[in-house]
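Take a look at the structure below.
Order of the sequence lines sets the chain letters (A, B, ...), proteins ahead of strands, with each chain counted from 1.
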Amino acid sequence: MSETPQNLADAWPKNYDHLDVEPRWVKTWNDWKIHEYNAESAAAKAGKTFAIDTPPPYVSAAHLHTGHAMSYSQAEFVIRYKRMRGHEVFYPMGFDDNGLPTERYVEQKYKIQKGKITRQEFIELCLKETRDGAAVYENLWRSLGLSVDWRMTYSTIQPRAVKHAQQSFLDLVKKGRLERREDPILWCPLCATSLAQADVEAGDEQNRPMHAVRFPVDPATAGPTSPADGVIETTRPELVTACVALACHPTDKRYGALKALRFQVPLTDLRPEGAKSHFRTVPLIFDESVDPEFGSGLMMVCTFGDTEDIAKWREHQLETVLIIDPQGRMMTPDLPTLHGQRVHVQAKGSGIYNEARLAAVELLKEHGYLLGIKDNVSRASLHERCSTPVEIQVAPQWFIRVLDLKEPLLARGRELNWYPEFMRERYEQWVENLRWDWNISRQRFYGVPFPVWFCNACQEPNFAHIDELPVDPLMAPCPRPCTHCGSADLRPEPDVMDTWMTSSLTPFINANWAMWNDKPGLERPIQDQPRPVIYPAGVRVQAHEIIRTWLFYTVAKSHLHTDSLPWKDVMISGWGLDKQGKKMSKRLGNFVEPGEIIHKYSADALRYWAAGASLGNDLRFLEEDVKGGKRLLTKLWNSTRFAMMYLSGWTPGQVKETPTAADIGIRARVVEAALQATEAFEGYEYSKAVRAAESLFWADWCDNYLEIIKDRFKEGTRFSPGEVEAARQTLLEGTWTILRLLAPVLPFITEELYQLAIKGFLRDPPQSIHIAAWPVNEAHQADVFGLANPQLTLVASGWSTLLALVGAVRTARTAQKIGGGRPLLAVHLDASVDDRAQIEPLIPDWLAASRAEELLVDNRGGLDWHDVAGTSMKVAIVVAPQEPTA
RNA sequence: AGGCGCGUAGCUCAGCUGGUUAGAGCACCACGUUGACAUCGUGGGGGUCAGCGGUUCAAAUCCGCUCGUGCCUACCA
């Protein structure tokens, strides 16, 4: 040997410096193109392509926290595993940078509002923020070690994505799935746009007082038995003048006899300047859905307070009285104190009422219609982007019909492999509860334009042709006269598409679906080349709260466009929580900057924390857990350094190895753990995989095997050259396997150690550990050590008995306050003849690990006996007299 | 109001296709440092597995009910 062990230990840096190592590998991997997708590779040609679809984050977020780092890491563990498993991996990063989230962000950052800035200026600002945000993200993703092929990055404002969204639109037009309807729709008065059902969330429970309001019976319709008034209860008194009917249950005796009864709508007789006119009157209608027990049994139907109103308005063909404008202002010129008051702005000095409601209550009170107010707890429906209570407006919108697809979409959900399985429930519930077709129109600026012009003569829509995409009708005139009437007078559709219209296409964008029918051989930049082979993708990874949006919409799109699933599997991740268990969020400010954690503890340590969450479960951020990751790195560094003390300068195979029981036992444990990790990864259970590898590494490898073999490398060892060779073989293969098992989670340190320690020993070494073969092969056989049945070998080797024997000596040492380094004169064993025979093969390793000179079998008194766990044997130790210090 | 998840050591969590004495990490206590590692090692204390009832030879694990907690969906006149 050219180097003594001590020299080698000195040659290695004593400490692992992640600040040096991690940036170095980020750069080197990039130079080596380790993560680039290669459609021509052997794996790709063998049909082993694996594409992954991860969320394109809103660049407007620009506030990545450790929760984001967590979920992207979790997806990436699986990606690295698949790559080592021999798949040609396609892993792009996307950015969602159009639509309301970006607009809201820009509005808040620059304190501007739609309508007070030109469309073009607004879009400029959005683009700027988009570019800045994407750069921030990319830096973090790179420093976190995400093995993205950055050439394949997409963003939802790029022409490529716009083209996909527009082609999707046209394809759905062609398939008869799109309709333009003037319908009541969900509406956000703050954002001044329509919304889809998925954009609405339930607000917190709060006091929304119930107002009892008197509706006088129209004298012209009153009969001898009719009451003087109908009394309704409402949480929305500001909508009283939009009332179009009062409803009661058909069997309600109080009203049932009076089918022709009409009521006067309060306040509708008022005119400005104190003038009076006649009341608007509304009919009494009968509807099964009215609960006779609720209040007086009369329900106010107005246009429109909620979906119930819409249903009754449709069914009973009621008139329409709209009194709220698109900006949420009351349109009641006859009631000046109410007119112009806003429904989405809190009234000054009122904790409960908005401006409009306060003014309406005052008016009703003043004119004697308000009979009482009582507290009432309920929750409002809010726009999830801005938390404004949602209203209902009537406007022409583009809808994708989905309500008739519940059954096939449920079937798609059952066809998909869910990890974890129970998350399918969320999807099913959402689909079963769909109540609206998908409204894809948004009255906003910054989004994908509809490829549509309307004819001013006949009002019919004219669609762009697919080969004209992408197109912005606001910038480009319709290339032809109206196809319906021949008029040349056309106007563009001013609305833009729902942002989900684009992000539901991510598997399509990655595959460049819109280019599939291009002429072959067409020159295109790499990110625009058609890739049908990656559709459907292997897996979608996402968090559970967007099952109803991103997952649902993507499944629907794939069903409609390609009559297939968009991916084979879906892996659902949980949330990153703060120390108290609350979801990390920008708004709450309870988040930790991932950059700081990476700097302080390393990206590997942060990833290790992320690997602690079992699949689908939330994970608290505890700095202690990241520290645990750092400790694992240190341990890996030191143990590999230790192995290299005895491997450096060694040429394998020059001596025929004769493995001891310990060698055979640890080899079986290595193989067993490798198989466990493999099985876990196959089911996306990255946390189980890490636990299997970590427990092998720490408990079996470091705490025991390395201790057991130390004696073999000492001067005058009792072990033969063949046994020393076996220890070396085991050290090499064991270290190599442990590094590979941990490589998906700890990409940096495993690469560094592979390059420093292992690479030189391999015959045909891969350039990087991340393209090395996973230690378990296709046939689910561990390649290392060639063990056919690790479990059997493990039992036969007596590994657990050996650990118990070693442990008993350690217990004895502790009890007698004898340090682990001090040699023992003898180990005494109290055992039956059978037991003694059983452990015979373990004795050399046991004594070596115990630093004991000899074994004495007896049960002599006067010794401190200790049980050997799991056996009926006992152990005692005798220490050599301490040499007097000179 | 329905559905789903969770409730296990002081803390964070595994285990939960039923089967030796219920585990890990952190924290705590004691001991131990010239041969990989004090960013450490060894040993130890600590749990009536939320509660109640049932199935079973056997329940943290299966079933029912209750309580607490989180989320999803709904209601929200």
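Note on A:Tyr646: a side-chain N or O is less than 4.0 Å away from OP1 or OP2 of B:A36. OP1 or OP2 of B:A14 sits under 4.0 Å from a side-chain N or O of A:Ser614. Side-chain N/O atoms of A:Arg426 include none lying less than 4.0 angstrom from OP1 or OP2 on B:C4. The side chain of A:Arg548 places an N or O atom within less than 4.0 Å of a non-bridging phosphate oxygen (OP1 or OP2) of B:U73. Contact annotation: A:Asn433 side-chain N/O to B:C72 OP1/OP2 distance is not under 4.0 Å. Taking side-chain N and O atoms only, A:Arg641 has no distance below 4.0 Å to OP1 or OP2 of B:C37.
Of all nucleotides listed (B:A36, B:C26, B:A74), B:A36 comes nearest to the side chain of A:Ser639. Residue A:Leu622 places its side chain closer to B:U12 than to any other of B:C37, B:U12, B:C71. In this structure, of B:C26, B:A38, B:U12, it is B:A38 that holds the atom nearest to the side chain of A:Lys14. In the set B:C4, B:A36, B:G43, the nucleotide with an atom closest to the side chain of A:Thr814 is B:G43.
With 3.5 Å as the limit, one finds a donor-acceptor pair spanning the side chains of A:Arg208 and A:Ser378. In summary, the side chains of A:Asp604 and A:Ser602 do not present any donor paired with an acceptor at a separation below 3.5 Å, with no hydrogens or angles considered.
Among the protein residues, A:Asp306 comes within range of the sugar-phosphate backbone only, with heavy atoms under 4.0 Å from sugar or phosphate atoms but none that close to a base. Residue A:Asn617 is classed as a sugar-phosphate contact, given heavy-atom separations below 4.0 Å to backbone atoms only. Residue contacts shown for A:Gln429 include a base, since a base heavy atom lies under 4.0 Å away. Residue A:Lys635 is in base contact, counting any heavy-atom pair closer than 4.0 Å across all strands shown. Looking at heavy-atom distances under 4.0 Å, A:Glu623 makes no contact with the nucleic acid at all. Contacts of A:Trp430 with the nucleic acid, taken as non-hydrogen atoms under 4.0 Å apart, involve only primed sugar atoms and P, OP1 or OP2. Residue A:Val290 is classed as a base contact, given a heavy-atom separation below 4.0 Å to a base. Residue A:Met210 is in sugar-phosphate contact alone, with no base atom involved, counting any heavy-atom pair closer than 4.0 Å across all strands shown. A:Thr640 comes within 4.0 angstrom of no nucleic acid atom, judged by non-hydrogen atoms across all strands. Residue A:Thr235 is in sugar-phosphate contact alone, with no base atom involved, counting any heavy-atom pair closer than 4.0 Å across all strands shown. Nucleic acid contact class of A:Trp698 (heavy atoms, under 4.0 Å, all strands): sugar-phosphate only. When heavy atoms are screened at a 4.0 angstrom cut-off, A:Lys714 is found touching no nucleic acid atom at all. Within the 4.0 angstrom heavy-atom criterion, only backbone atoms of the sugar-phosphate kind lie near A:Phe422; the bases stay farther away. Among the atoms of the strands shown, none is found under 4.0 Å from any heavy atom of A:Arg236.
Distance CD1 (A:Ile877) to C1' (B:G32): 13 Å, rounded to an integer number of Å. Rounded to whole angstrom, the span from the CE atom of A:Met645 across to the P atom of B:C37 amounts to 8 Å. Rounded to an integer number of Å, the gap from A:Ile738 CD1 to B:C37 C1' is 15 Å. Between the C1' atom of B:C71 and the OH atom of A:Tyr427 lies a distance of 20 Å, rounded to the nearest Å. For A:Glu545 and B:G5, the CD to P distance is 18 Å, given to the nearest whole Å. Rounded to whole Å, the distance from CH2 on A:Trp418 to P on B:G5 is 14 Å. Per the geometry, CG belonging to A:Asp618 stands 9 Å off P belonging to B:C13, to the nearest Å.
With contacts defined as side-chain heavy-atom distances shorter than 4.5 Å, the pair A:Gln542/A:Ile572 qualifies. The shortest side-chain heavy-atom distance between A:Glu545 and A:Trp575 falls under the 4.5 Å cut-off. Looking at A:Leu746 and A:Tyr608, their side chains come closer than 4.5 Å, going by heavy atoms from C-beta outward. Inter-residue side-chain proximity for A:Asn590 and A:Leu577 is flagged as unmet; no heavy-atom pair is nearer than 4.5 Å.
When the P atom is compared between B:U66 and B:G3, the two are found 11 Å apart, to the nearest whole Å. Straight-line distance between the P atoms of B:G44 and B:A22: roughly 15 Å, to the nearest whole Å.
Aromatic rings of A:Trp438 and A:Tyr553 (six-membered ring for Trp) have centroids within the 6.0 Å cut-off, being under it.
B:A1 is paired with B:U73 under the Watson-Crick or G-U wobble criterion, all donor-acceptor distances under 3.5 Å. Summarising the base pairing, B:U55 is matched to no nucleotide, lacking a Watson-Crick or G-U wobble pair whose two defining distances lie under 3.5 Å.
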